[in-house]
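First comes the structure, then the notes that go with it.
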Amino acid sequence: SSAASDVYKRQMVKAVNEDLTECLPRIKQDTLLIWGDLDTATPIADAHLMEEKIPGAGLAVIPGTGHFCFLENPGVFAGIMRSYFGVDQ
């Protein structure tokens, strides 16, 4: 329904705008950030901030791609994933 759609939209705006930067140093899991350098939805500056704040995080940037870098250059994305997980071709 339209009312449900409006509620969903409002909740999504709240979620997207929530600043969780203070939580980043508490992440203990291995973290690999994969980013498109042309991402306008979540700018590369956010990636650098996360890499800095998450202990031991790594950042792989896929040049010439945006927010959906995994779709825009799936070959490079797959290579990054294979390398990260130690999987042979």
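Of all the heavy atoms in Ala47 and Trp35, the pair that sits closest is CB-CD2, 3.2 Å. For Pro55 against Pro25, the heavy-atom pair with the smallest separation is CG-O, 3.5 Å. Tyr84 and Asp30 get closest at one heavy-atom pair: OH-CB, 3.3 Å. Of all non-hydrogen atoms in Gly64 and Glu72, the two that sit nearest each other are O-OE1, 4.2 Å.
For the atom pair CG of Asp39 and OG1 of Thr65, the computed distance is 8.0 Å after rounding to the nearest 0.5 Å. With rounding to the nearest 0.5 angstrom, the CD1 atom of Ile44 is 9.0 Å from the CD atom of Glu51. Atoms CG and CD1, from Leu33 and Ile54 in turn, are 5.0 Å apart once rounded to the nearest 0.5 Å. One distance of note links CD1 of Ile62 with CZ of Phe77; it measures 6.5 Å at 0.5 Å rounding.
By the rule that hydrophobic residues join a cluster once side-chain heavy atoms approach within less than 4.5 Å of another member, Ile34 and Val87 end up as members of one cluster. Both Val76 and Phe68 sit in one connected hydrophobic cluster of ILVMFWY residues. Membership requires side-chain heavy atoms under 4.5 Å apart, directly or through other members. When hydrophobic clusters are built by joining Ile, Leu, Val, Met, Phe, Trp and Tyr residues whose side-chain heavy atoms come closer than 4.5 Å, directly or via intermediates, Met50 is grouped together with Leu59.
Asn17 contributes a side-chain N or O that, together with a main-chain N or O of Val13, makes up a donor-acceptor pair within less than 3.5 Å.
Within the 4.5 Å cutoff, the side chain of Leu49 has heavy atoms near those of the Thr21 side chain. Using a 4.5 Å heavy-atom threshold, the side chains of Ile80 and Leu32 count as touching.
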request  = Apply side chain to side chain contact (heavy atoms under 4.5 Å, CB included) to His67 and Thr40, showing your working.
outcome  = CA-CA 7 Å; His67 193 67; Thr40 57; over 6 Å; no
